Asks: 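Here's a structure for you.
Treat the numbers as computed from the prediction; the structure is a model and nothing was measured. Numbering of residues begins at 1 and proceeds along the displayed sequence.
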Amino acid sequence: MSFKLLNPVRLERPVGYAHVAKVASGKIAFIAGQAPFDANGSVVGKGDFVAQFTQVMRNLKWAVEGAGGRPDQIAVMTMYLTDLPAYLAQKKALGAAYREVFGKHFPAITLVEVKGLYNPDCMVEISAVAVID
């Protein structure tokens, strides 16, 4: 692996993410914000947070694979949500959708609630950085 996930002792113990991704070598791929669009550009799961999150997980997987990498090579994610209470209320189903793609790989993650996204039907968008060996 070209990066190491670190959780320094002085920081809180993370659950479901890592505090730091340290690059040792390899190539870096910056993945643009992935929204819940299918291959035709249609929003998947309008009004359904879990369906949209699931599509975004798939899109991230396909994006990193398109760069010659694997999902477990994603070092950093930034998650933008329009409805934090919906995210918190459905954490179990969202966790299952996450693990379907990433397994137990938890990169450094920042989660931000925003007022809106580019497409008003989208409830989640996630950008990422991958380190590909």
Side-chain angles (χ1 to χ4, degrees):
M1 186 176 289
S2 297
F3 67 93
K4 185 174 183 177
L5 298 174
L6 306 171
N7 292 303
V9 180
R10 291 183 156 191
L11 298 176
E12 68 177 302
R13 183 176 183 270
V15 177
Y17 70 98
H19 281 293
V20 178
K22 180 181 176 187
V23 177
S25 64
K27 300 174 187 171
I28 298 176
F30 296 92
I31 300 170
Q34 297 299 302
F37 296 116
D38 63 17
N40 297 317
S42 299
V43 175
V44 172
K46 289 182 183 177
D48 182 338
F49 195 87
V50 174
Q52 289 198 8
F53 186 83
T54 300
Q55 183 65 40
V56 170
M57 291 295 102
R58 291 178 184 141
N59 290 353
L60 285 168
K61 177 182 185 294
W62 297 328
V64 74
E65 288 174 348
R70 303 180 313 270
D72 67 344
Q73 292 175 315
I74 290 179
V76 178
M77 284 185 192
T78 303
M79 305 172 95
Y80 302 94
L81 314 174
T82 61
D83 189 349
L84 184 58
Y87 173 87
L88 295 173
Q90 299 176 77
K91 281 180 19 179
K92 190 171 186 171
L94 297 170
Y98 179 92
R99 286 186 304 279
E100 188 176 308
V101 172
F102 292 97
K104 293 186 178 187
H105 173 70
F106 299 105
I109 297 174
T110 299
L111 188 147
V112 181
E113 184 178 29
V114 296
K115 182 177 179 179
L117 297 169
Y118 178 75
N119 183 310
D121 290 328
C122 295
M123 303 168 76
V124 59
E125 182 172 328
I126 301 173
S127 62
V129 177
V131 179
I132 301 169
D133 16 53

Asks: Which heavy-atom pair separates Gly68 from Ile132 by the least distance, and what is that distance?
Replies: O-CG2, 3.6 Å

Asks: Going only through I, L, V, M, F, W and Y residues with side-chain contacts under 4.5 Å, is there a path from Ile126 to Phe106?
Replies: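 Result: yes, single cluster for both.
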
Asks: Show me the donor-acceptor pairs within less than 3.5 Å that the side chains of residues 78-89 make with the rest of the protein, sequence neighbours left out.
Replies:
from, atom 1, to, atom 2, distance (Å)
Thr82, OG1, Met123, O, 3.4
Asp83, OD1, Ala86, N, 3.1

Asks: Mind checking the CD-CD spacing from Glu125 to Gln34? Nearest 0.5 Å is all I need.
Replies: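 The CD atom of Glu125 sits 8.0 Å away from the CD atom of Gln34.
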
Asks: So, Asn59 side chain and Ala35 main chain: donor-acceptor pair closer than 3.5 Å or not?
Replies: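 Indeed, once roles are kept as given, a pair shorter than 3.5 Å links the two residues.
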
Asks: Please answer: with hydrophobic residues joined when any side-chain heavy atoms are less than 4.5 Å apart, are Val64 and Tyr17 in the same cluster?
Replies: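 Val64 clusters together with Tyr17.
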
Asks: For the residue pair Phe53 and Tyr98, is the inter-centroid distance of their aromatic rings smaller than 6.0 Å?
Replies: no

Asks: Indicate if Val43 and Met57 have the same hydrophobic cluster label, given that clusters are the connected sets of ILVMFWY residues with side-chain heavy-atom separations under 4.5 angstrom.
Replies: no

Asks: Give a yes or no answer on whether the side chain of Ser42 reaches the backbone of Asp38 with a donor-acceptor pair at less than 3.5 Å.
Replies: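 Checked: no pair found.
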
Asks: Of all residues at least two apart in sequence or in a different chain, which pass the ring-ring contact (aromatic ring centres under 6.0 Å, His included) check with Phe37?
Replies: none

Asks: Assess the residue pair Val131 and Gln73 against the criterion (side-chain contact (heavy atoms from CB on, under 4.5 Å)); give the C-alpha distance rounded to whole Å, side-chain angles, the decisive distance to 0.1 Å, and a yes or no.
Replies: CA-CA 6 Å; Val131 179; Gln73 292 175 315; 5.8 Å; no

Asks: Looking at Val56 and Pro36, what are the two nearest heavy atoms and their distance?
Replies: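 Minimum heavy-atom separation between Val56 and Pro36: CG2-N, 3.5 Å.
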
Asks: Could you tell me which non-hydrogen atom of Pro14 sits nearest to which non-hydrogen atom of Asn7, and how far apart they are?
Replies: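 In terms of heavy atoms, the two residues are closest at CG-OD1, 3.0 Å.
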
Asks: Could you state whether Leu94 and Leu111 fall into the same hydrophobic cluster, counting links through intermediate Ile, Leu, Val, Met, Phe, Trp or Tyr residues with side-chain heavy atoms under 4.5 angstrom apart?
Replies: yes

Asks: Consider side chain to side chain contact (heavy atoms under 4.5 Å, CB included). Of Gln55, Gln90, Lys92, which one does Val50 pass it with?
Replies: Gln90

Asks: Same hydrophobic cluster for Val129 and Leu60, using side-chain heavy-atom links shorter than 4.5 Å among ILVMFWY?
Replies: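 The answer is no; the residues belong to distinct hydrophobic clusters.
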
Asks: Donor-acceptor pair, Gln52 side chain versus Gly45 backbone, under 3.5 Å?
Replies: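 Yes, because the side chain of Gln52 sits within donor-acceptor range (under 3.5 Å) of the backbone of Gly45.
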
Asks: Sequence neighbours left out, what passes ring-ring contact (aromatic ring centres under 6.0 Å, His included) with Phe49? Give chain and number order.
Replies: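 None.
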
Asks: Is a donor on one side and an acceptor on the other found under 3.5 Å between the side chain of His105 and the backbone of Ile74?
Replies: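 Pair found, side chain donor or acceptor close to backbone of Ile74.
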
